[in-house]
Protein chains: 2
Amino acid sequence: MRSYGQYCSVAKALDVVGDRWTLLIVRELLLQGRCRYTDLRNGLPGIATNLLADRLRDLERAGVIEREDAPPPIATTLFRLSDRGERLRPVLDALGHWGVPYMAAGPAAGDEFRSQWLAWPASTFLVDGSPDGPPVAIELRTPDGDIVVEAAAGVVRTHPGRAQSADAVIEGDPHLILALLSGNLELDAARGAGLRFEGDAAALTRMQPRVTAS
Amino acid sequence: MRSYGQYCSVAKALDVVGDRWTLLIVRELLLQGRCRYTDLRNGLPGIATNLLADRLRDLERAGVIEREDAPPPIATTLFRLSDRGERLRPVLDALGHWGVPYMAAGPAAGDEFRSQWLAWPASTFLVDGSPDGPPVAIELRTPDGDIVVEAAAGVVRTHPGRAQSADAVIEGDPHLILALLSGNLELDAARGAGLRFEGDAAALTRMQPRVTAS
DNA sequence: CCGCATCCGGGGCGATACTG
DNA sequence: CAGTATCGCCCCGGATGCGG
């Protein structure tokens with residue numbers, strides 16, 4: 001990116017990560033950890049492949065990501081964040097938190113979705129309604145992968161994969177899942193819309209929208 | 001900006017503030033408060049005037065800033081952040097903190113500088129070396145305005161303007177001021193380079209670089 | 001002078017095709 | 001699978017004009 005030419009730490013940061021798509025690439029690496037080129041493409045619907053290659057080159061030169069040749073049997077290239085890149089997490093957290101209100105209206109026409117993107121709405125918008133209760137885990141199964149949403153000790157967190165013991169399992173359209181989690185859709189209505197829900201409905205009410213004047 | 005078309009709060013946030021120059025406009029409004037168009041231009045060296053006008057329109061439509069007609073005798077337009085815009089402060093804080101290491105090497109050739117930009121290096125990179133001591137204020141006088149750096153109760157903060165009672169006053173080249181504050185330049189050397197320092201040198205050593213593995 | 005609008009050249013970006 | 005190559009387009013940068 002063309003430098004702003006300003007001796008200011010915000011401008012210098014944007015010189016490095018202010019290009020279009022750059023912070024979304026960091027998002028995917030924060031969410032997924034080490035990725036193949038194809039994994040990144042899949043997590044970044046809409047990006048032009050030459051742009052992804054360009055950005056990965058830029059980010060590597062800037063010391064934000066590192067390229068790693070996978071061990072022999074695999075024969076592929078993996079990309080991962082460097083320590084410096086991992087330190088961008090607070091930036092993504094702040095941006096993701098600020099952007100949550102835009103999710104309330106539902107996806108725009110043609111919006112793509114990946115289950116791992118629920119991490120920010122879940123961990124910054126939802127709050128554990130019963131901080132003193134035992135931990136609760138809800139497993140989400142979407143067409144592009146599974147993630148676990150956990151409420152424990154007052155906070156809600158997410159991570160990819162399956163839960164060891166899920167209190168509830170939700171399967172179906174990701175938009176419906178978010179509507180259900182955020183309280184914009186009742187369980188009965190969600191079921192009527194095709195969402196499959198198994199397990200303890202109380203696990204659902206355990207997670208509540210954080211009360212903020214946004 | 002063209003939407004990323006992703007139902008993700010980070011992407012939605014970048015749909016609004018991801019355009020070039022946009023976050024720097026927010027930076028200026030966070031630092032300066034209400035601004036005239038000309039004030040913004042002055043705080044954003046390098047921006048094309050049509051782009052500034054475009055961005056201000058976009059930000060107003062997005063509800064991030066608000067336009068305000070100044071009271072009669074003044075007859076000008078003022079721009080200020082809305083509540084929603086003020087909530088971008090954590091984003092700028094995170095970015096500014098992440099970018100501080102890029103300041104260490106000094107300004108690049110042709111880099112512009114404004115004194116108010118010292119706010120992030122001062123408040124996130126410097127730390128109050130004597131948390132239990134009485135508050136200390138250093139007044140900085142640069143060609144484009146004055147700012148105050150205060151150390152109190154363990155933290156270092158800045159604000160524009162003059163101090164009620166400054167323990168020290170530094171006047172001169174902003175680059176030298178930052179080098180002096182960050183400990184990269186000794187007081188004697190700074191004086192030799194043309195910096196004027198008056199007051200208590202202990203106020204200077206009160207503020208120390210935060211120890212981080214950056 | 002302040003707050004823009006207009007015009008124009010160059011390059012970043014988007015979409016698709018192609019390749020080792 | 002992991003990228004290059006190519007080609008338009010539109011965003012951006014820089015200069016200038018202009019009404020209030």
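In what follows, every chain begins at residue 1, and chains take the letters A, B, ... in the order their sequences are listed. Just so you know, these numbers use all the heavy atoms, side chains as well, and skip hydrogens, waters and symmetry mates.
- In this entry the distance linking CD of A:E68 with P of D:dC1 reads 18 Å, nearest Å.
- Here the side chain of A:R67 is nearest to one of C:dC2, C:dA5, D:dG3, namely D:dG3.
- Between A:D111 and B:K12, at least one side-chain nitrogen of the basic residue sits less than 4.0 Å from a carboxylate oxygen of the acidic one, meeting the salt-bridge criterion.
- The distance from atom CD1 of A:I47 to atom C1' of C:dC13 is 10 Å, rounded to the nearest whole Å.
- Remark on DNA chain D: of its neighbouring residues B:G46 and B:R2, the 5'-side contact belongs to B:R2, judged by nearest-heavy-atom nucleotide.
- A donor N or O paired with an acceptor N or O is not found under 3.5 Å between the base of C:dG3 and the side-chain atoms of B:T77.
- Put simply, OH on B:Y37 is 13 Å from C1' on D:dC18, counting in whole angstrom units.
- In the set C:dG3, C:dA15, D:dG14, C:dA15 carries the atom at the smallest distance from any side-chain atom of A:A48.
- For A:D54 and C:dG12, a side-chain-to-base donor-acceptor distance below 3.5 Å is absent, hydrogens and geometry of angles not being considered.
- Under the 30°/60° scheme for interplanar angles, the aromatic rings of B:F79 and B:Y37 are found to be tilted.
- Counting to the nearest Å, the C1' atom of D:dG14 and the CG atom of B:L51 are 11 Å from each other.
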- Task: Given side-chain contact (heavy atoms from CB on, under 4.5 Å), test B:L140 with B:L118 step by step and report yes or no.
- Result: CA-CA 10 Å; B:L140 310 182; B:L118 287 175; 3.7 Å; yes
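- Taking side-chain N and O atoms only, B:W21 has a distance below 4.0 Å to OP1 or OP2 of D:dG13.
- Contact between the side-chain N/O atoms of B:R57 and the OP1/OP2 oxygens of C:dG3 is not found at any separation under 4.0 Å.
- In this structure, B:F113 and A:Y7 have tilted ring planes: the angle between them lies in the 30° to 60° band.
- Distance CG (A:L14) to C1' (D:dC12): 16 Å, rounded to an integer number of Å.
- When rounded to the nearest whole Å, the span between CG of A:L52 and C1' of C:dC13 equals 14 Å.
- Put simply, A:R20 has a side-chain N or O that comes within less than 4.0 Å of OP1 or OP2 on C:dG14.
- Checking A:D19 against A:T49, the closest nucleotide of DNA chain C that is more toward the 5' end is the one next to A:D19.
- Computed from coordinates, the B:M1 CE to C:dC13 C1' distance equals 11 Å when rounded to whole Å.
- Within the 4.0 Å cut-off from OP1 or OP2 of D:dC11, not a single side-chain nitrogen or oxygen of B:R55 is found.
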- Message: Let's go through A:W120 and A:F125 carefully: what are the C-alpha distance in whole Å and the side-chain angles of both, what is the deciding distance for ring-ring contact (aromatic ring centres under 6.0 Å, His included) to 0.1 Å, and is it a yes or a no?
- Response: CA-CA 7 Å; A:W120 278 284; A:F125 182 65; over 10 Å; no
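- The separation between A:N50 atom CG and D:dT4 atom C1' is 9 Å, rounded to whole Å.
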